[in-house]
Protein chains: 2
Amino acid sequence: MTWPETMPDDNREQTVGLLAHTSGPATGAPREGRVYRQGDDYDRGMSYDPSAFPPFAVTVDLVVLTVRSHALCSLAVRRGEPPFQGRWALPGGFVREDEDLAQAAARELAEETGLRVHDPAAPAQDDGAHLEQLATYGDPGRDPRMRVVSVAHLALAPDLPAPRAGGDASNARWAPVGEMLERGGHGRDGEPVAPLAFDHHQILADGVERARSKIEYSSLATAFCPPEFTVGELRRVYEAVWGVALDPRNFHRKVTGTPGFLVPTGGTTTRQGGRPAQLFRAGGATLLNPPMLRPEV
Amino acid sequence: MTWPETMPDDNREQTVGLLAHTSGPATGAPREGRVYRQGDDYDRGMSYDPSAFPPFAVTVDLVVLTVRSHALCSLAVRRGEPPFQGRWALPGGFVREDEDLAQAAARELAEETGLRVHDPAAPAQDDGAHLEQLATYGDPGRDPRMRVVSVAHLALAPDLPAPRAGGDASNARWAPVGEMLERGGHGRDGEPVAPLAFDHHQILADGVERARSKIEYSSLATAFCPPEFTVGELRRVYEAVWGVALDPRNFHRKVTGTPGFLVPTGGTTTRQGGRPAQLFRAGGATLLNPPMLRPEV
DNA sequence: TTAATAGTGTCTGTGAGACAGTATCAA
DNA sequence: TTGATACTGTCTCACAGACACTATTAA
């Protein structure tokens, strides 16, 4: 029995490096009369000229997921200005001149939640969140004001105190992703929920799907748990993220038998009621072999 | 036995949408004296002002993979200008004002190779390449001339005629990824190979790893094959991409028994020698259940 | 004939899923 | 006591891997 040594979408660390481009389009006919000359001059090694390429704004958007009261929830902030004034959106902001994309995402995450990001080198024994790049969204019409390319990131965090945004609790909330992603969905009070601003519905859907598939073959589900947790608590994370019920006995046998996944701390707890349960923390393994299997249909 | 309905990194289609950001940083102290005010004004709904955000150039870079003579190869182009003049690099170019990221990547791919991209809606029965977003690289120092964010894409193509770049064959080649990714590697003539320009070594490594893992749980390996192919030819694709030897008998039983993976065309061929082999084309299935397993170690 | 590739059958070990049964707490 | 959760054991079926064997071509 084998399983890959690497994941389809590792949370890669950027290395210092430089621009990529060809030595010029194969279709080399000059394109005149354009506002921007599409980098032809840039390609030909002329000195830097800001008018030689179209300017973009670059932002990071965050899909911050957690498990609260048996439901997968995403952080949402209310927009205070047009466009989409008053609608819910994903947190995010501009990438600064001097920071990497991952740094920008970590900074926004800290500003919104106070969470620090796990050191990817150290084992996941400190408190903090998991952060990885998700995908980039650059449709020309995604912002009516200007051309904006957004590098979306996915963050997974344990259950947190109520969020704050600019100090105003009514402008930030943890919302169950089931409600947010339903077309014409309704909140728990039965009121209709307006769709998310911009293309954030798609970004959230992509982030949720990434989390759902990644906990299959990695130990990432532990990022939703406190530093010490029981097998039952970990099972409830899988059940909330996948929206299914799992057999507690087979789950227990599976996770405790997967090498490197869980390390017993020696302690026990009865915080879930019933017989005292062993406490574990996340082991060093990041890839599960064999993987957890998500039940079909 | 179950397997997920979705992949960890679906090739998502961008929907039309808009910008994401918060209603302002929680740490709301004014930041004066900066060249760019980091979007605070933008966040507060003031009218559009180009000086309110740092300008970026946005490019697409391409990891174009194919299988040639039992080796996984990547398209490389030689740089004609500084920086990294004379070094090999990945093909790519600027995103234009009016095009989506996927459109820009498809345009660059057509310019470099003449390949068209598969219609994701139609079954993979037409000729063409597979194209998906890979990851985005935005380290502030990755280009010495200016701040450039590159949205890397991964393309998989059948074996092609020799490439051209700007009509000059000596400035483009298919290079085995084993050679390109070796540190201080050597070409087949024993000459040392200079590392790729910019951060393209990392981008290529990420693209290769994505391809290696994705052919496990999807039918993507058929993107390396001509429209009609034999089981043996498909097996040689897996062997080249993974760099392993597979048991021909178990492989045959596995791929022909996976529903939706292969559809027999009725024809046969002896182009590989030996007993005539059935010809197949790719079936409609994009996800394999159960997956192909990459041999351990 | 040999050599090559194509394709089938058969055995064995691993592991997922189903589920019986026991253990240890609170109320 | 009931009821909750924790945990162990056992059975069965599916399937990956190993490999013997047959089939059909070219040289």
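Throughout, protein chains are lettered first and strands after them, A, B, ... in sequence-line order, and every chain is numbered starting at 1.
- Legend: residues meeting salt bridge (Lys or Arg N to Asp or Glu O under 4.0 Å) with B/R275, ordered by chain and number and at least two apart, are absent.
- In this structure A/R271 satisfies the salt bridge (Lys or Arg N to Asp or Glu O under 4.0 Å) test together with A/E233, sequence neighbours excluded.
- Taking only side-chain nitrogens and oxygens, B/K254 comes nearer than 4.0 Å to OP1 or OP2 of D/dA16.
- Look at CG on A/L293: it is 13 Å from C1' on C/dT14, rounded to the nearest Å.
- The distance from atom CG of A/N289 to atom C1' of C/dT14 is 12 Å, rounded to the nearest whole Å.
- Across all strands shown, A/R271 has no heavy atoms under 4.0 Å from either base or sugar-phosphate atoms.
- Residue B/H252 places at least one side-chain N or O closer than 4.0 Å to OP1 or OP2 of C/dG7.
- Comparing B/E233 and A/N250 by the nucleotide of DNA chain C whose heavy atom lies nearest to each, the residue mapping closer to the 5' end is B/E233.
- Look at CZ on A/R253: it is 7 Å from C1' on C/dA16, rounded to the nearest Å.
- When distances are taken from the side chain of A/Q278 to each of C/dG7, C/dA6, D/dC7, the shortest belongs to D/dC7.
- Residues passing the salt bridge (Lys or Arg N to Asp or Glu O under 4.0 Å) test with B/R235 are B/E239, sequence neighbours excluded.
- If you take CG of B/L262 and P of C/dG7, they are 11 Å apart, rounded to a whole angstrom.
- Applying the 4.0 Å criterion to OP1 and OP2 of C/dG21, one finds that A/R249 has every side-chain N and O outside that range.
- Rounded to an integer number of Å, the gap from B/E216 CD to D/dA16 C1' is 14 Å.
- Judged purely by atom type and a 3.5 angstrom limit, B/H200 uses its side chain to pair as donor or acceptor with the backbone of B/L90.
- In terms of the salt bridge (Lys or Arg N to Asp or Glu O under 4.0 Å) criterion, B/R236 has no residue partners (sequence neighbours excluded).
- If you measure from atom CD of B/Q272 to atom P of C/dG7, you get 12 Å, rounded to the nearest angstrom.
- The distance between atom CG of B/L279 and atom C1' of C/dA6, rounded to the nearest whole Å, is 12 Å.
- Looking at B/R294 and B/E216, a side-chain N of the basic residue comes within less than 4.0 Å of a carboxylate O on the acidic one, giving a salt bridge.
- For B/Y238, the ring-ring contact (aromatic ring centres under 6.0 Å, His included) test picks out B/W242, B/F251, with sequence neighbours left out.
- Taking atom CG of residue A/L246 and atom P of nucleotide C/dC19, one finds them 15 Å apart after rounding to whole Å.
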List, with names and distances, any nitrogen or oxygen atoms from the protein found under 3.5 Å away from nitrogen or oxygen atoms belonging to nucleotides 24-27 of chain C.
unit_1	atom_1	unit_2	atom_2	d
C/dT24	O2	A/R275	N	3.3

